[in-house]
Protein chains: 2
Amino acid sequence: MSSTPSSATPTPAFQRIKDYVQGEIEAGTWGEGDAIPPELRLAAQFGVSRMTVNRALNELEAEQVLVRRKGAGTFVAPQRYQATVVEIRSIAEEIRARGHRHRSALFRLERQRATRMLATQFGVAERSMLFHSVILHYENDAPIQVEDRWVNPALAPGYMEIDFGAVTPNEHLMRVAPLQRAEYQIEAQLPTAEVAEMLAIGEAEPALVLRRRTFSRDAVASLVVLWHPGKRYRFGGALG
Amino acid sequence: MSSTPSSATPTPAFQRIKDYVQGEIEAGTWGEGDAIPPELRLAAQFGVSRMTVNRALNELEAEQVLVRRKGAGTFVAPQRYQATVVEIRSIAEEIRARGHRHRSALFRLERQRATRMLATQFGVAERSMLFHSVILHYENDAPIQVEDRWVNPALAPGYMEIDFGAVTPNEHLMRVAPLQRAEYQIEAQLPTAEVAEMLAIGEAEPALVLRRRTFSRDAVASLVVLWHPGKRYRFGGALG
DNA sequence: TAGTGGTCTAGACCACAGC
DNA sequence: CTGTGGTCTAGACCACTAT
């Protein structure tokens, strides 16, 4: 990965040092929690200045390979947090990436007063006005996702005037209410009668449900429930 | 976050520059794709050397806030990839984090020859030997996860001798076969009769299923299917 | 007190982009 | 060609840790 014989830029010194350190860790020479040689020693070993070593080790710390403690030393980081990270892209983007055709149908678009549960979720007063939309997304004419969304009018006042055929709610919200934070839950549920009909599945067929609450400017911008047919849809991702 | 009046170390210059750049971006002064001032200009503006500015901007590039092009300039990075990232922790860790009690029961531990499908998944010859374990995890005595796992003996030869009461398969595998890469899928399915019985749910109740394939030393180390009762379990996470 | 990392400088030479 | 970022140096002073 770092040896093109001619014409290419030679591997930078800081990169060679990073490779060396990672190699020793992978080979097991330096185990979890062990101290690695101090900057000055590595600088002498590689014939570079301390700043160059400093950069290499700082980058490895940012990559969670090392832990550095001022005055104490540099140590091999503890085992990586064993988390499974699943990426879920916007449905339209995902479908187009598969080379398929995406279209959507707007089933409902209305102003509604917040129930107690919605008010709690949004952090607004009960009976506050909220926007509500229900959209069915198709992949090559097969229904693939029901998007049941509630929107905070304070953050997206123009929501009711979007051309939902051209812009997905997600795209509009990303533009008017920059994403600050989000919370997600994934569940397996039986669909409601209405959802089952929209997705053209049986009421006894499991649905894969994603609930997401997005925050913007320190307020809840949107609450969305995405329903997918369990038989035809899955979330997937890769890590590493 | 960076103003403790006395005794504390003053905010480093590179950090002040990072804050300034992020502030201008958040304020909208510099929009997506715009060029920001070159290093020398910022160095003069802040009265620091170019190396200090260089560090600040390099870190912002690593954080995907900026994009830098040699010879061309430094630009505000395009809108963040709109992905939903869901973290799924090891079940034992997750249960303990909730302050609940975790225990597990080993239902099956055997050597099995790879079926064609397993052989394909593992990238080994059909009828190669694989380890197979089935473990039921409990949260406060309620069954919460069925862990159906296949393991590559080449990468974890000691798998059959683990004390599964003390070490989870995950912990063992992390130790002997350092995680290189992983692939995941999340599905909503009806459980098999056996799984339904283990989880003490009805066969018509949806299950939330996570399939994961982990790689180590350029080979498939393990293939696991995790079944959860849809009613009592969900994956969740936060982003931002 | 000695050793370590945190930060910074004032230069330098290079490769590359755009005119 | 000029301006940009990429990399590097040989020092420096500081704060912190460990002994």
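Computation of the quantities below employed the complete heavy-atom set of this structure, encompassing side-chain atoms and omitting hydrogens, waters and symmetry-equivalent molecules. Given the structure is predicted, the values throughout are model-derived calculations rather than measurements. Just so we're on the same page: letters track the sequence lines, and every chain starts at 1.
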For B/Asn54, which contact category applies under a 4.0 Å heavy-atom criterion: base, sugar-phosphate, or nothing?
-> base
For A/Arg96 and A/Glu94, run salt bridge (Lys or Arg N to Asp or Glu O under 4.0 Å): C-alpha distance rounded to whole Å, both residues' side-chain angles, the deciding distance at 0.1 Å, then the answer.
-> CA-CA 5 Å; A/Arg96 283 191 290 259; A/Glu94 181 186 329; over 6 Å; no
Establish, with yes or no, whether the OP1 or OP2 oxygen of D/dT9 is under 4.0 angstrom from a side-chain nitrogen or oxygen of A/Thr52.
-> yes
Rounded to whole Å, NZ of A/Lys70 lies from C1' of C/dG5 at a distance of 8 Å
Using distance alone, with no hydrogens and no angle criterion, decide if A/Glu147 and A/His137 have a side-chain donor and acceptor under 3.5 Å apart.
-> yes
Using salt bridge (Lys or Arg N to Asp or Glu O under 4.0 Å) as the criterion, point out the one residue from A/Arg98, A/Arg103, A/Arg101 that pairs with A/Glu139.
-> A/Arg98
So which nucleotide from C/dT4, D/dG5, D/dC8 ends up closest to the side chain of A/Pro12?
-> D/dC8
Does OP1 or OP2 of D/dT4 have a side-chain N or O of B/Arg41 closer than 4.0 Å?
-> no
Atom CG of B/Leu60 and atom P of D/dG5: how far apart are they, to the nearest Å?
-> 13 Å
Could you tell me whether a side-chain N or O of A/Glu26 sits under 3.5 Å from a main-chain N or O of A/Gly23, the two making a donor and an acceptor?
-> no
Is any NZ, NE, NH1 or NH2 atom of the basic residue among B/Arg211 and B/Glu187 found under 4.0 Å from an Asp or Glu carboxylate oxygen of the other?
-> yes
Side-chain donor or acceptor of B/His228 paired with backbone N/O of B/Leu208 under 3.5 Å = yes
Which listed nucleotide (C/dC8, D/dA10, C/dG6) is nearest to the side chain of A/Arg68?
-> C/dG6
Compute whether any side-chain donor of one residue and acceptor of the other, for A/Gln45 and A/Tyr20, lie under 3.5 angstrom apart.
-> yes
Write down the distance between CZ (B/Arg55) and C1' (C/dT9), rounded to a whole number of angstrom.
-> 14 Å
Whole-Å distance separating the CD atom of A/Gln15 from the P atom of D/dT7 = 9 Å
Between D/dT9 (P) and A/Leu40 (CG): distance, integer Å = 13 Å
Could you check how far CD1 of B/Ile17 sits from P of C/dC8, rounded to whole Å?
-> 8 Å
Given C/dG5, is OP1 or OP2 found less than 4.0 Å from the side-chain N or O atoms of A/Asn58?
-> no
Would you mind telling me which of C/dT9, D/dG5, D/dC8 lies closest to the side-chain atoms of B/Ser49?
-> C/dT9
Whole-Å distance between D/dC8 P and A/Leu57 CG?
-> 13 Å
Whole angstrom value for the distance that separates P of D/dG3 from CG of B/Leu42 = 17 Å
Could you write out each protein N or O paired with an N or O of nucleotides 11-13 of chain D at a distance under 3.5 Å?
{"residue": "D/dA12", "atom": "N6", "partner": "A/Arg50", "partner atom": "NH2", "Å": "3.1"}

